[in-house]
Each structure stands twice: as C-alpha cells, then as structure tokens.
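Every number for a ligand or one of its atoms is a count from 1 in the order of the listing. Position 1 is the first residue of the sequence; numbering continues from there.
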Amino acid sequence: MTDLLVIGSGGAGLSAALEAARSGAKVCVVTKSLPTQAQTCMAQGGINAALGNLEPDSVDEHVADTLRSAHGLADETMIRRCCEAGPETIEWLDRLLTPFSRLEGAKTPLQSIAQRRLGGASHPRACYAQDYTGLKILQTLYDRCLEAGVEFRTRHYLLDLLVRDRIVSGALFWDQDAGEVVALHSRSTFLATGGFGALYHGYSTNAAGATGDGMAAVLRAGGVLRNMEFVQFHPTALEGSAILISEGARGAGATLIDQAGERFTDELGPRDEVARAIFAKIRQGERVYLDLRHLGEKRLNELMPQELHLARLHAGIDPLKEPLPIAPAAHYSMGGIAVNRDLAALGLRGLWAAGECAEAGIHGANRLGGNSLLEIIAFGRIAAKNALNSPVNPVEHTEELESAKRRIDALLQRKGKLSPHSKHKILGKRLYHDLGIVRDRELMEDTLSYLGELQSRLDQVAPQDPSRRHNQALVELLEYENSLLLARALCESALHRRESRGAHWRSDFPQEDPEFAQPTLYTLESGAVKSEK
Ligand code: FUM
C-alpha cells in the first residue's frame with residue numbers, strides 16, 4: 001500500500017513523487033509508457049520565473065501578463081501563487097542540478113541562469129536549457145526520484161479510478177508486459193496524466209499517446225472537467241509532420257514570413273493571435289515560413305541545436321539556408337480536470353491533479369509559453385503535500401477488478417474490422433478542420449453527430465490481435481475510446497460558448513461576450529455543459 005500513487009511520469013508526476021518521497025512517504029509512479037516519455041519534453045523554450053536576470057522584472061508583471069493572456073477566465077489567486085513560486089522553483093531545480101544555460105559574470109547561481117522572452121511576456125522570463133528545457137528537467141527529476149527510492153511501474157495503462165461513494169483509493173491498470181489487470185490501492189492518488197492534444201492526431205505536436213486518459217477516468221468516476229473548449233494551437237510546427245519548432249526561435253529573433261517574404265504579424269504576440277494570423281494565410285492558399293537564417297550558425301547551434309536537427313531530419317531543410325514551412329498544430333489542453341485551490345479534484349475525495357491534465361485556473365483561454373513548466377513543477381509539489389495531508393482509508397474493490405478483467409477479455413476477442421490507429425487518424429483530421437483554430441456552429445454540430453456515429457460503431461473497432469502481452473493495439477483501442485469521450489466534451493463545451501475568447505475563436509460569434517466570462521463545467525452525470533458561477 002502506498003501513501004501516494006502518482007499516475008503519469010511527466011514533470012508534474014515526478015515533482016510530486018520527489019517531494020513526497022523526500023518527506024518520507026512511500027510513493028509509486030505508474031506510467032503507460034516509460035519514465036521521461038512525456039509531453040513535458042515539448043516545452044522546449046523554457047520555464048518562467050521573474051528572476052530579472054537580463055532586465056528588471058517582477059512577480060506582479062508576471063501575474064499581469066498571465067492574467068491578460070487568460071482573457072478573464074483564470075483565477076488570480078492561483079496565478080499569483082504560481083508566479084510567486086517561480087523563483088523558488090528555479091532555485092529548487094538548480095539545486096537538483098538541472099543543466100540550465102548560463103550567463104557569464106553573474107554574482108549568484110540563480111542570477112547566472114539564462115532567460116529568453118517568449119510570446120506575450122513583457123520581459124525575458126523563460127529560464128532555459130538550450131531548446132531541451134522540458135527534457136532536461138525531466139531527466140534531472142527522474143534521477144533524483146530514483147535516488148529518493150520512488151518505485152516505478154512502467155507500461156501500465158490507466159483503466160479506471162477505484163472509487164466508492166465518491167472516495168478514490170487507487171486505480172486499475174492494464175499491465176502491458178504481463179498482460180493482466182492490476183489494482184493498486186493508495187491512501188492518496190495524484191493524476192498527472194497530461195493533456196489530450198493527440199485527439200488532433202497528425203495535426204498535433206503531441207505524441208500519439210496524449211489522449212487525456214486521466215481526464216476520461218475522472219469523467220467516468222463522476223468528476224468534473226473545466227474549460228474543455230480551450231485548446232492551444234502552437235503557431236510553429238513543421239508543415240506536414242507537425243513537429244514542434246520552439247517559440248524560443250522567435251524569442252531569439254526568428255521571423256514569420258509569407259510567400260512574398262513579408263512579415264505579417266508580431267512574432268512575439270500571444271500564441272492564439274499568432275496561430276490565427278498564420279492560419280488565415282494558409283486558408284487563403286498561402287504557405288507560411290519561419291525564417292531563422294539571419295540568426296547565424298553560431299547562435300543557432302548554441303541556442304537551438306534541437307530545432308536545427310529536427311528541421312533537417314523531418315523537413316529535409318537546413319534552416320541556415322532556407323526558411324522553414326510551418327503551420328499551427330494542436331499543442332496544449334488548457335481545459336482539464338476541475339480542481340479547487342488545494343488542487344483536489346472537484347466532486348471526488350482522495351484525488352489530486354496537476355499539470356496539463358488539470359484546470360487549476362492558471363491559463364484560462366490562452367496559455368503563455370513557459371508557464372506550463374512552472375505550473376507542473378510548482379503545483380506538482382504543492383499537490384503532493386496536500387495529498388499526503390489528507391489520506392483516505394482504501395477499501396477492497398474486488399468487483400471492479402473482476403469487471404475490468406471481463407472488459408479486457410471482451411475487447412481482445414472483439415472481431416471488428418477497423419483498427420483503432422486508422423480511426424484515430426481520421427478523427428484527428430476531422431477535429432483539426434472542424435473543431436480547430438476557427439469554429440462555427442454548423443461545423444461543430446456536424447462534428448457532434450459524426451462523433452455520435454463513431455460511438456455507435458465502436459464495436460467494429462478491434463485490436464485485430466488477441467495477444468495479451470505487449471499488445472499495443474489494445475492500448476490504442478482504449479485510448480480511442482477515451483478520445484471519443486473527450487472529443488464530445490470538447491465539442492459540447494465549444495458549442496456552449498457562443499463567443500470568441502482566446503484560443504476559442506468562432507467565426508459566427510467573433511466578439512468576446514461578458515455573458516461567457518465564466519469557465520465551463522462538464523460532467524457525464526448532468527450530460528450537459530454548465531457555466532461555473
Ligand atoms: O515553443 C515552445 O518551446 C513551447 C513551450 C511551451 O509549450 O511552453
């Protein structure tokens with residue numbers, strides 16, 4: 001029996017695990033893939049903290065930038081908590097030996113951490129490790145977790161939370177290597193399962209496994225999702241492959257140009273605005289490029305070795321010689337599990353959540369680059385402390401375990417002709433075009449009935465392989481089921497919000513409307529979207 005069951009091994013999960021293990025708690029991290037295979041790596045540009053290492057900055061300005069970008073849908077108290085935690089979070093990561101890029105001639109280690117300006121920020125505030133920031137943080141956290149005695153269970157897919165009378169005391173998993181269902185009980189359960197960017201399969205910077213499994217499990221357990229209509233489209237993914245080219249490039253001076261070689265937008269505006277400006281060009285049949293040539297080889301090798309490599313590998317283009325064709329791609333889920341100010345899931349006891357899977361009132365309608373890494377580390381640690389302070393008494397869930405075993409057996413025996421992978425690809429294309437950067441009622445209503453059809457034909461989608469062990473197609477089927485559930489939540493929430501705000505842009509309601517200045521709430525029980533009062 002563990003004190004803290006951490007589901008997900010990205011930055012939020014590993015920060016929570018480390019914090020808890022260092023306080024003496026027994027911690028188990030469970031992940032559906034391998035530790036450090038997480039979307040945290042996609043936050044390449046940096047982690048925000050008002051250190052003022054390049055020019056004067058303050059927590060108040062960080063709060064103001066974040067609030068402005070959230071378009072009235074964030075919780076100022078939570079934003080302040082997050083921004084105030086910034087400098088201490090960087091100090092903590094520095095003590096853990098995160099290899100940040102450094103400035104020369106600084107008086108203290110903290111003052112020596114290099115910072116760059118990302119979109120929507122009034123100062124260079126993102127601390128970085130070249131363009132590997134998220135990855136380097138993850139690797140550092142993982143090393144420290146191993147030293148602190150955290151147990152890891154890999155390739156365990158979250159099936160459902162163990163919940164009775166609204167009290168969560170662990171979860172059921174499909175152990176992909178053993179080919180069996182396992183129940184893990186815990187005094188506290190922490191979800192750090194990431195977002196649902198992979199719903200936009202083929203049009204997303206996220207890995208195919210970013211299917212919002214924790215959010216879907218919370219819905220089924222009777223919990224609440226908030227602001228599901230807000231999906232961030234990153235302005236600069238490589239055209240065709242959707243490989244992320246970090247905002248750090250624009251922070252260093254890269255420009256966006258159209259076919260005529262003209263600049264057409266403020267490259268360091270908030271992501272929603274930049275993505276829309278690019279999308280408008282693409283809809284007119286133009287191509288859009290990110291031009292890094294003028295930055296020069298020395299600077300690019302120093303600041304962005306990964307971007308250079310990715311462009312050469314995936315686009316076959318040398319950014320030192322040619323501009324890169326880019327297009328916006330789904331990058332980040334602003335919406336997620338509704339949590340209170342203690343980061344406890346609404347409507348359920350014993351369950352905490354932080355990071356991209358949670359909606360904690362930080363990002364509202366549009367997230368600022370660099371704030372997600374800060375949120376996952378700062379709130380992962382806070383959530384772990386809160387969770388350990390409010391344990392529940394786990395009970396046996398024999399019936400749930402048996403029913404999950406029967407369900408998996410039935411899925412493995414299913415005879416349908418369609419593969420989950422092919423269905424996911426079709427869904428991704430449809431969502432990008434009809435529930436993407438620009439939306440309207442007609443398209444969304446069509447999408448909703450399309451989702452209904454997909455749901456009614458779900459029994460024709462089968463793994464095509466009855467093997468119990470190492471069956472990736474079974475996992476893809478489970479992920480596809482979650483994707484359909486979340487796509488419906490997204491579409492219904494987007495239909496409910498009859499206005500344009502931040503990343504939710506409707507051509508039929510192009511203005512922000514004060515009527516909709518509250519978050520949306522989505523549950524399975526009510527079967528409907530409500531505005532939070
Ligand atoms: O562009 C980027 O490096 C992404 C950063 C982020 O999502 O915070």
Is the shortest heavy-atom distance from the side chain of Phe100 to the side chain of Leu110 under 4.5 Å? no

Any side-chain heavy-atom pair of Arg95 and Arg144 under 4.5 Å: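 Heavy-atom side-chain distance check fails, nothing below 4.5 Å.
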
Under 3.5 Å, N or O to N or O, is [X] touching ligand 1 that way?
| X | result |
| --- | --- |
| Leu368 | no |
| Gly46 | no |
| His234 | yes |

Atoms of ligand 1 close to [X] [distance to a heavy atom under 4.0 angstrom, numbered from 1]:
| X | value |
| --- | --- |
| His331 | 4 (C), 6 (C), 7 (O) |
| Gln44 | 3 (O) |
| Ser372 | 8 (O) |
| Gly45 | 2 (C), 3 (O) |
| Met42 | 4 (C) |

Which of these, Gln232, Glu247, Arg250, Arg271, has its nearest heavy atom closest to atom 6 (C) of ligand 1? Arg271

Just to be sure I'm reading this right: ignoring hydrogens, which of Gly369, Gly248, Pro235, Ser246 gets closest to atom 3 (O) of ligand 1? Compare them by their nearest heavy atoms.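 Going through Gly369, Gly248, Pro235, Ser246 one by one, Ser246 has the nearest heavy atom to atom 3 (O) of ligand 1.
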
Derivation of the ring pair (Phe, Tyr, Trp, His ring centres under 6.0 Å) call for Phe233 and Tyr203: CA-CA 10 Å; Phe233 288 82; Tyr203 299 83; 9.8 Å; no

Ignoring hydrogens, what is the shortest heavy-atom contact between Ala114 and Leu103? Give both atom names and the distance.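 Scanning both residues, the minimum pair turns out to be CA-CG, 3.8 Å.
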
Counting only heavy atoms, which portion of Arg367 has something under 4.0 Å from ligand 1: side chain, backbone, both, or neither?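 Just the side chain.
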
Verify side chain to side chain donor-acceptor pair (under 3.5 Å) between Ser112 and Arg102, making sure each step is shown before the conclusion. CA-CA 5 Å; Ser112 78; Arg102 300 283 169 173; 2.9 Å; yes

For Asp131, what residues pass the salt bridge (Lys or Arg N to Asp or Glu O under 4.0 Å) criterion, not counting sequence neighbours?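 Here no residue qualifies.
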
